[in-house]
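Each remark here refers to the structure printed beneath this line.
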Amino acid sequence: MATVDQNAIFAAQPAKAVARPAEDRIAGFDGVRAIAVLMVFISHKTTLPHHDSYGSVGVWLFLVLSGMLISSILSEMRGKVEAGTQSSWRSMGDFYIRRSLRIFPLYYACLGVFALGSLFTSFVGFSRMEATIYALYGTNIYIEMTPAADHGHFGHLWSLAAEEQFYLLFAPILLFTPRKYLARICVGFMLAGAAMLAWLVSVKAHPNAIHVDPLIAFGMLGVGGFVASLKNLKPPAWLVSALAQAAAGLALIAIPLVFGYFRATWNVWGPLTCIVAGLFLFQIARNQQTPVVAFLNLWPLRSLGRVSYSFYVLHQFIHFYEVQAVFRRLHMDIDAPLVVQVALELSITVALATLSWHFFERPFLRLGARLTAREGAEASSATAALSPGRQKAMR
């Protein structure tokens with residue numbers, strides 16, 4: 001997931017009561033990621049009443065957060081373009097290099113494992129055509145076209161497809177448009193998403209088609225971008241207080257519990273939860289010195305949030321019955337209550353995601369940082385090669 005220095009989003013004072021994580025990550029945001037991915041996990045792994053609504057809110061929270069951070073990164077890049085220190089084309093190249101090295105390696109590694117496995121067995125939702133669609137990041141469009149079909153354990157890839165499509169459209173717009181238009185551009189995406197939602201509801205589209213529609217997802221990413229555009233807004237103290245943060249955070253958890261029960265209206269009003277998500281993220285970024293941020297910054301949540309991308313990708317492929325199959329090969333039969341099964345799947349997913357982050361994803365992140373910093377390194381080398389008198393003249 002995207003990371004960015006908090007000062008690129010809001011001119012906020014760094015937290016005194018909360019230790020600021022490494023790599024200039026905004027305190028509390030990793031905790032938000034952890035809560036979001038746990039909501040998705042619960043929706044896929046339990047049979048609680050209207051459990052799918054928990055996953056919906058979790059994904060919407062992810063989309064708003066991603067839109068907020070990506071918009072901030074692109075806005076900062078556009079600032080360099082307007083300052084004359086970097087071209088729009090170079091900025092776009094750097095952005096896509098870093099995003100590709102963050103998202104592609106694990107994604108295509110997973111698809112590669114299933115492609116290799118399909119030579120010996122078959123997987124529901126992974127025909128040759130479907131594998132090609134996943135590889136081209138068209139999962140959301142495919143599901144929207146076949147909303148009632150069984151997509152196996154690959155349906156959750158729709159949100160990653162939506163983000164990639166958004167990057168392709170959003171990055172050029174922001175990098176070739178004056179920075180001052182960020183809010184208007186994001187409002188445009190929000191209105192387009194709302195209009196698409198209204199139209200799909202009016203024609204009684206399948207709930208799954210509404211859930212994965214690209215334009216609706218773009219609108220939610222636009223909500224995050226709009227929040228990022230509020231960098232210079234000075235909010236009233238009560239709006240970003242600890243009490244207000246707690247109220248917004250609890251609302252995100254309560255909304256699917258209360259309103260998810262009403263299936264007929266959930267697809268109409270549920271997506272508006274992204275507005276609450278945007279408010280919550282705004283509050284966290286603007287006031288880092290609250291007990292809410294301290295809670296979100298606790299080590300367990302912070303650690304899970306750090307590996308939330310790999311956790312999200314992998315969690316649908318980890319199942320208790322696979323553990324049972326392994327033990328049967330060892331001539332041992334095991335069984336456990338559902339709560340133990342879910343706990344075991346959670347533990348295995350966290351362990352694999354942690355290993356993926358440290359030994360697979362992080363090296364690619366560092367490679368992306370090196371590749372996109374090459375110009376700065378070249379400039380430093382050139383400056384170092386100048387004589388002391390020439391360097392003084394340049395300063």
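Under the 4.5 Å side-chain heavy-atom criterion for ILVMFWY residues, a single connected hydrophobic cluster contains both Leu160 and Leu215. Hydrophobic clustering places Leu304 together with Val342 (ILVMFWY residues linked when any side-chain heavy atoms are closer than 4.5 Å, directly or through intermediates). Clustering ILVMFWY residues whenever any of their side-chain heavy atoms sit less than 4.5 angstrom apart, transitively, puts Ile97 in the very cluster that holds Leu367. No continuous path of hydrophobic side-chain contacts links Phe114 to Leu136 [ILVMFWY only; heavy atoms under 4.5 Å]. Val37 and Trp299 end up in different hydrophobic clusters when Ile, Leu, Val, Met, Phe, Trp and Tyr side chains are linked at under 4.5 Å.
Counting heavy atoms from C-beta on, the side chains of Leu74 and Leu175 come closer than 4.5 Å. Inter-residue side-chain proximity for Val203 and Trp199 is flagged as met; some heavy-atom pair is nearer than 4.5 Å. Contact check for Phe176 versus Met92: side-chain heavy atoms found under the 4.5 Å cut-off. Side chains of Gln289 and Val293 form no contact here, defined as non-hydrogen atoms less than 4.5 Å apart. In this structure, the side chains of Glu130 and Ser127 come closer than 4.5 Å at one or more pairs of heavy atoms. With a 4.5 Å cut-off on side-chain heavy atoms, Asp30 and Leu301 do not count as touching. For the pair Ser159/Phe62, no side-chain contact is recorded, criterion being any heavy-atom separation below 4.5 Å from C-beta on. At a threshold of 4.5 Å between non-hydrogen side-chain atoms, the residues Ile275 and Leu279 do not count as touching.
Atom CD in Glu82 sits 9.0 Å away from atom NZ in Lys180 (nearest 0.5 Å). Taken from CD1 in Ile173 to SG in Cys186, the straight-line distance is 10.0 Å, to the nearest 0.5 Å. Here CD1 of Ile216 is found 7.5 Å from CD of Glu144. Values are rounded to the nearest 0.5 Å. Rounded to the nearest 0.5 Å, atoms CZ (Arg179) and CG (Leu174) are 10.0 Å apart. Asn208 contributes atom CG, which lies 12.5 Å from atom CG of Asp213 (distance to the nearest 0.5 angstrom). Rounding to the nearest 0.5 Å gives a distance of 12.0 Å between CD of Glu163 and CG of Leu168.
In terms of the side-chain contact (heavy atoms from CB on, under 4.5 Å) criterion, residue partners of Gln341 (sequence neighbours excluded) are, by chain and number, Phe320, Asp335, Ala336, Leu338.
Glu76 has no carboxylate O lying under 4.0 Å from a charged side-chain N of Lys80, or vice versa, which leaves the two without a salt bridge. By the 4.0 Å N-to-carboxylate-O rule, Glu361 lies close enough to Arg102 to be salt-bridged with it. Under the 4.0 Å criterion applied to side-chain N and carboxylate O atoms, Arg90 and Asp94 are assigned as salt-bridge partners.
Judged by distance alone, the side chain of Glu345 and the main-chain N or O of His315 form no donor-acceptor pair under 3.5 Å. A donor-acceptor contact shorter than 3.5 Å is absent between the side chain of His319 and the backbone of Tyr321. Proximity of a side-chain donor or acceptor of Thr121 to a complementary backbone N or O of Ser118 within less than 3.5 Å is not detected. Side chain of His211 to main chain of Ser56: no donor-acceptor pair is present (N/O by atom type, distance under 3.5 Å, no hydrogens or angles). Side-chain atoms of Arg286 come within 3.5 Å of backbone N or O of Leu233 as a donor-acceptor pair. The closest donor-acceptor contact from the side chain of Thr265 to the backbone of Val268 lies at 3.5 Å or more, if one exists at all. Remark: side-chain polar atoms of Gln324 are paired, donor with acceptor, to backbone N or O of Ile334 under 3.5 angstrom. With hydrogens and angles disregarded, no donor-acceptor distance shorter than 3.5 Å links the side chain of Glu164 to the backbone of Ser100. In this structure, Tyr167 contributes its side chain and Tyr96 its backbone to no donor-acceptor pair below 3.5 Å. Remark: side-chain polar atoms of Thr146 are paired, donor with acceptor, to backbone N or O of Tyr142 under 3.5 angstrom.
Contact record, Ala27 with Gln288: O-NE2, 2.9 Å, taken as the closest heavy-atom pair. When all heavy atoms of Val227 and Gly278 are compared, the closest pair comes out as CG2-O, 3.7 Å. Taking every heavy atom of both residues into account, Asn297 and Arg302 meet most closely at O-NH1, 2.5 Å. Across all their heavy atoms, Val313 and Cys110 have their closest contact at CG1-SG, 3.7 Å. The two atoms that bring Leu252 and Val57 nearest to each other are O-CG1, 3.5 Å, heavy atoms only. Phe123 and Gly117 get closest at one heavy-atom pair: CE1-C, 3.6 Å.
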(Q) Set out, in order, the CA-CA distance, both residues' side-chain angles and the distance that settles side-chain contact (heavy atoms from CB on, under 4.5 Å) for Val223 and Phe226, then state yes or no. (A) CA-CA 5 Å; Val223 170; Phe226 180 76; 5.7 Å; no
(Q) side-chain contact (heavy atoms from CB on, under 4.5 Å) for Thr290 and Ile284? Distances and angles first, verdict last. (A) CA-CA 9 Å; Thr290 68; Ile284 292 172; over 6 Å; no
Q: Start with the C-alpha gap between Phe29 and Leu69, add the side-chain angles, then the distance that decides, and say whether side-chain contact (heavy atoms from CB on, under 4.5 Å) holds.
A: CA-CA 10 Å; Phe29 275 17; Leu69 298 180; 4.0 Å; yes
Q: Verify side-chain contact (heavy atoms from CB on, under 4.5 Å) between Ser356 and Leu106, making sure each step is shown before the conclusion.
A: CA-CA 8 Å; Ser356 172; Leu106 177 64; 3.7 Å; yes
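The six-membered or imidazole ring of Phe189 lies near that of Phe170, with a centre-to-centre distance under 6.0 Å. Two rings, from Phe104 and Tyr137, have their centers less than 6.0 Å apart.
Between Phe154 and Phe317, the two ring planes are tilted [angle within 30° to 60°]. Between Phe311 and Phe41, the ring planes are tilted. Angles from 30° to 60° get that label. By the 30° and 60° cut-offs, the orientation of the rings of Phe364 relative to Phe360 is perpendicular.
Within 6.0 Å of CZ in Phe295 there are 12 or fewer heavy atoms belonging to other residues, nucleotides or ligands. Heavy-atom neighbours of Met332 CE from other residues, nucleotides or ligands within 6.0 Å: at or below the threshold of 12.
Through direct or relayed side-chain contacts under 4.5 Å between Ile, Leu, Val, Met, Phe, Trp and Tyr, Val340 connects to Val339.
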